[in-house]
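Predicted model, so just to flag it, every value in this text is computed and none were measured.
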Amino acid sequence: THWLESALPESDEAVLDRLDVEVGRSVSRTGQQTIEAQFRLTEGFIRRGDTLYLVGEKDIYDTYNMGVRLVFRFQ
């Protein structure tokens, strides 16, 4: 189970704690459930308070999409 643990020794957060998967938010044209997943890569990528994610989905058109999402939090 070492591959599920954090790569950073000072962090006690496991890899699975950074993964979020949501199934069935919508139904596709063929009647299948959609799938959305995001994996948090890092926080503070550009400035303090932002987060960098890898994202993937199977959308309502039965198409698979992947990308990178950078989320800024304004204070």
Exercise. Do Val55 and Val68 touch side chain to side chain, with heavy atoms closer than 4.5 Å?
Worked result: no
Exercise. Roughly how far, to the nearest 0.5 Å, is the CD1 atom of Ile60 from the NZ atom of Lys58?
Worked result: 12.5 Å
Seminar exercise, completed: Rounding to 0.5 Å, atoms CD (Glu57) and OH (Tyr64) come to a distance of 11.0 Å
For this session: Could you list the residues that satisfy side-chain contact (heavy atoms from CB on, under 4.5 Å) with Val71, not counting sequence neighbours?
Result: Tyr53, Arg69, Arg73
Exercise. Taking only residues two or more places apart in sequence or in another chain, which ones pass side-chain hydrogen bond (donor to acceptor under 3.5 Å, both in side chains) with Asp20?
Worked result: none
For this session: Establish whether Phe39 and Leu16 are linked, either directly or via other cluster members, by ILVMFWY side-chain heavy-atom contacts under 4.5 Å.
Result: yes
Problem set entry | Results of side-chain hydrogen bond (donor to acceptor under 3.5 Å, both in side chains) for Glu36 - residues two or more places apart only | none
Exercise. Does the side chain of Leu41 come within less than 4.5 Å of Leu54's, by heavy atoms?
Worked result: yes
For this session: Quick one: which residue pairs count as a side-chain hydrogen bond (donor to acceptor under 3.5 Å, both in side chains) with a foot in residues 40-51, not counting sequence neighbours?
Result: Glu13-Arg40
Seminar exercise, completed: One should read off an interatomic distance between Arg29 CZ and Thr63 OG1, to the nearest 0.5 angstrom, of 8.5 Å
Exercise. With Gln33, which residues qualify under side-chain hydrogen bond (donor to acceptor under 3.5 Å, both in side chains), at least two apart?
Worked result: none
Exercise. With a 4.5 Å heavy-atom cut-off, do Asn65 and Asp59 have their side chains touching?
Worked result: yes
For this session: Treat each ILVMFWY residue as a node, draw an edge where side-chain heavy atoms are under 4.5 Å apart, and state whether Val21 and Met66 are in one component.
Result: no
For this session: Tell me whether Val23 is reachable from Val27 by hopping between hydrophobic residues (I, L, V, M, F, W, Y) whose side-chain heavy atoms are closer than 4.5 Å.
Result: no
Seminar exercise, completed: Taken in chain and number order and not counting sequence neighbours, the residues that satisfy side-chain hydrogen bond (donor to acceptor under 3.5 Å, both in side chains) with Thr30 are Ser28, Asp62
